[in-house]
Novice: 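One structure, as structure tokens, below. Some questions next.
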Amino acid sequence: MIRLLAVHDLRIALADRSSLVWLFVMPVVFMYFIGTITGGFSGPSQAKKPVLGVVVEGQHDSIERWLLERLGEEFDVIVYDAGGQAERTQAPALESLARRLVIPAGAGEQVLAGQQVTLRLEPSASQLGGSFDEVRVRRAVYRTLGDVILADLEHDVIDTTALAAVAGQAQAVTLRTELAGERVDPPSGFAQAVPGILVFLTIIVVLTTGTVQLVNERRQGLLRRLASAPIDRRRIVLGKWMARLALAVVQIGFAMLAGSILFSYDWTGQLLMVLVVLLAWAGVCASAALLIGCLVATESQATAIGVIGGNLLAALGGCWWPIEITPTWMQGLQQLLPTGWTMNALHKLITFGYGPSSVMGEVLALMTLGLILAVLAARWFRFQ
């Protein structure tokens, strides 16, 4: 009887044309759209250096020229004078650059005199990518200061030749680093869009279709008729829950297939654990749909809650864009949302190359939330 109810509800859901569009058309559309847009997000491991406009307000002495050399290891440096005139031909206007560094006049002389020199980086670190730009600038500055200190100890005159000589010496202390996973930069393009749209559309489809279907059955008196059938309440609730779980599995299965075939997304690295994560996510969506269907009274209420709630959870959970590019408060909020747990787990397994044990916390959180929602739905399930 449980299987009969689940199959019947799933067949009704798949017979709806709007549901078919969201199940089998919109995943491809959204993956292409979001993947194309987020493909432009930059990460620290990109081969192309970001452009940095450096305004040198005074003359280029040895230390300033050497600082420009060190900055050139981190950025594509374009030098401007105090009036905004570029030394490079056909250079963009200074105001149009996203990164600008101002070196005050007499900076080299002040360094040699032991005075503090303040460089100004625009925009500030609070803006998108600003923190990593600041790290790069600081790295170039510290290396320049180190070269100046050594040149002062070993040479009578601190000039470009002396700085180049100490820079070419073997390092007394070296640091070797290795990646813990496959990459360190935030996912972008289809690496972000395929799992993100899968998570997003699963909750949208299940919350809308699964909730509206239950509301219509109650309004049409079908649930009252079902209550009089020789089947107990527990089996009815479980059958309804399994129908919504099956709908989520259909959405997940097609999205995985579309991502693999159309956008060359590779799920196979930790496929078994990926399926566990997605099944736990499907359980949360099914339980949430059943619970909302028990609480709302009209189809419009069910649709509004499903659409608004699904979009909010997707946006705040990192489904539409890499969560790493968002403000700190949003990254913290993501840790409290089921969409965030799911996206974190998928990126750990697929994008960053971590092992199955790294996502056990997210899986347990999803399973616990799904169980709590299911218990509440069973408690508040009503036939009229």
Side-chain angles (χ1 to χ4, degrees), residues 6 10 13-14 19-39 181-183 186-210 242-289 310-311 313-314 317-323 337-356 358-360 362-363 366-367 370:
L10 179 61
L14 295 179
S19 297
L20 292 177
V21 170
W22 283 97
L23 279 168
F24 303 118
V25 177
M26 298 311 293
V28 177
V29 175
F30 273 91
M31 285 178 185
Y32 176 79
F33 180 71
I34 300 296
T36 303
I37 291 178
T38 60
E182 295 180 354
R183 56 193 281 174
S188 61
F190 296 112
Q192 164 66 29
V194 172
I197 296 307
L198 181 151
V199 173
F200 163 56
L201 288 184
T202 300
I203 192 171
I204 286 289
V205 169
V206 177
L207 283 189
T208 54
T209 302
M242 288 189 64
R244 283 141 188 82
L245 180 69
L247 182 64
V249 169
V250 170
Q251 177 70 90
I252 290 172
F254 177 78
M256 292 182 68
L257 188 64
S260 298
I261 296 176
L262 300 179
F263 306 110
S264 302
Y265 193 81
D266 186 10
W267 302 91
T268 58
Q270 298 286 348
L271 181 59
L272 181 60
M273 201 62 193
V274 167
L275 294 177
V276 171
V277 172
L278 292 177
L279 186 60
W281 170 238
V284 170
C285 295
S287 300
N311 278 277
L313 287 172
C319 295
W320 293 349
W321 41 66
I323 198 63
L337 301 176
T339 45
W341 304 336
T342 308
M343 290 301 298
N344 279 342
L346 292 178
H347 281 315
K348 284 180 181 179
L349 294 172
I350 303 171
T351 306
F352 298 111
Y354 294 114
S358 65
V359 301
M360 291 306 299
E362 287 87 350
V363 172
L366 289 170
M367 294 176 65

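These numbers come from a predicted model, not from an experiment. The analysis underlying the following values was restricted to heavy atoms, covering all of them including side chains, and did not include hydrogens, waters or symmetry mates.
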Novice: Which pair of heavy atoms, one from Pro322 and one from Pro187, lies closest together, and at what distance?
Specialist: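 What the structure gives for the nearest pair is CG-O, 2.8 Å.
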Novice: Identify the two heavy atoms, one from Leu10 and one from Ala246, that lie closest to each other, and give their separation to 0.1 Å.
Specialist: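 Closest pair (atom of Leu10, atom of Ala246, distance): CD2-CB, 3.8 Å.
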Novice: Can you check whether Gly355's main-chain N or O pairs, donor with acceptor, with Ser358's side chain at less than 3.5 Å?
Specialist: yes
Novice: Using the test side-chain contact (heavy atoms from CB on, under 4.5 Å), find all partners of Met360 that sit at least two apart in sequence or belong to another chain.
Specialist: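 Checked Met360 against side-chain contact (heavy atoms from CB on, under 4.5 Å); matches are Met273.
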Novice: Is Phe254 atom CZ crowded by more than 12 heavy atoms from other residues, nucleotides or ligands, each under 6.0 Å away?
Specialist: yes
Novice: Do other residues, nucleotides or ligands put more than 12 heavy atoms under 6.0 Å from the CE atom of Met26?
Specialist: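 More than 12 within 6.0 Å, yes.
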Novice: Begin with the C-alpha distance, continue with both residues' side-chain angles, and end with the deciding distance and a verdict on side-chain contact (heavy atoms from CB on, under 4.5 Å) for Trp320 and Phe30.
Specialist: CA-CA 10 Å; Trp320 293 349; Phe30 273 91; 5.9 Å; no
Novice: Only counting residues at least two apart or in another chain, list the ones meeting ring pair (Phe, Tyr, Trp, His ring centres under 6.0 Å) with Trp267.
Specialist: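 Trp267: ring pair (Phe, Tyr, Trp, His ring centres under 6.0 Å) contacts with Tyr265.
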Novice: Heavy atoms only: give me the nearest Leu207-Cys285 pair and the separation to one decimal.
Specialist: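 Heavy atoms of Leu207 and Cys285 come nearest at CD2-O, 4.2 Å.
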Novice: Once ring pair (Phe, Tyr, Trp, His ring centres under 6.0 Å) is applied, do any residues pair with Phe263, and if so which ones, sequence neighbours excluded?
Specialist: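 Residues passing ring pair (Phe, Tyr, Trp, His ring centres under 6.0 Å) with Phe263: Phe190.
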Novice: With sequence neighbours left out, what residues match Phe33 under ring pair (Phe, Tyr, Trp, His ring centres under 6.0 Å)?
Specialist: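 Counting only residues at least two positions away or on another chain, Phe33 forms no ring pair (Phe, Tyr, Trp, His ring centres under 6.0 Å).
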Novice: Hey, are the side chains of Leu14 and Leu23 touching, using non-hydrogen atoms and a 4.5 Å cut-off?
Specialist: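 Yes, their side chains come closer than 4.5 Å.
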Novice: Say whether, by atom type as modelled, one donor and one acceptor occur between the side chain of Thr339 and the main chain of Leu313 under 3.5 angstrom.
Specialist: yes
Novice: Any heavy-atom pair between the side chains of Asn344 and Phe352 that's under 4.5 Å?
Specialist: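 No, every pair of side-chain atoms sits at 4.5 Å or beyond.
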Novice: Do any side-chain atoms of residues 192-205 form donor-acceptor pairs under 3.5 angstrom with protein atoms, and if so which ones, sequence neighbours left out?
Specialist:
{"residue": "Gln192", "atom": "OE1", "partner": "His347", "partner atom": "NE2", "Å": "3.1"}
{"residue": "Gln192", "atom": "NE2", "partner": "Gly318", "partner atom": "O", "Å": "2.8"}
{"residue": "Gln192", "atom": "NE2", "partner": "Cys319", "partner atom": "O", "Å": "3.3"}
{"residue": "Gln192", "atom": "NE2", "partner": "Trp321", "partner atom": "O", "Å": "3.3"}
{"residue": "Thr202", "atom": "OG1", "partner": "Leu198", "partner atom": "O", "Å": "2.6"}

Novice: Yes or no on side-chain contact (heavy atoms from CB on, under 4.5 Å) for Leu247 and Gln251, after CA distance, side-chain angles and deciding distance?
Specialist: CA-CA 6 Å; Leu247 182 64; Gln251 177 70 90; over 6 Å; no
Novice: Strictly by side-chain hydrogen bond (donor to acceptor under 3.5 Å, both in side chains), give each pair with a member in residues 268-287 just once, sequence neighbours left out.
Specialist: Trp241-Ser287, Asp266-Thr268
Novice: Determine whether Met256 and Ile261 make a side-chain contact, defined as any pair of heavy atoms from C-beta on separated by less than 4.5 Å.
Specialist: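 No, every pair of side-chain atoms sits at 4.5 Å or beyond.
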Novice: Do you know the tightest heavy-atom contact between Leu366 and Val284?
Specialist: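 Taking every non-hydrogen atom into account, O-CG2, 3.1 Å.
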Novice: Here's a test for you: under side chain to side chain contact (heavy atoms under 4.5 Å, CB included), which of Val359, Leu278, Thr351 qualifies with Leu346?
Specialist: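 Going through the options one by one, the only one that passes is Leu278.
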Novice: In Å, rounded to the nearest 0.5 Å, how long is the span from CD1 of Ile252 to CG of Leu257?
Specialist: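 Ile252 CD1 to Leu257 CG: 13.5 Å, rounded to 0.5 Å.
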Novice: Quick one: closest heavy-atom pair of Ser19 and Thr209, and the distance?
Specialist: OG-OG1, 3.1 Å
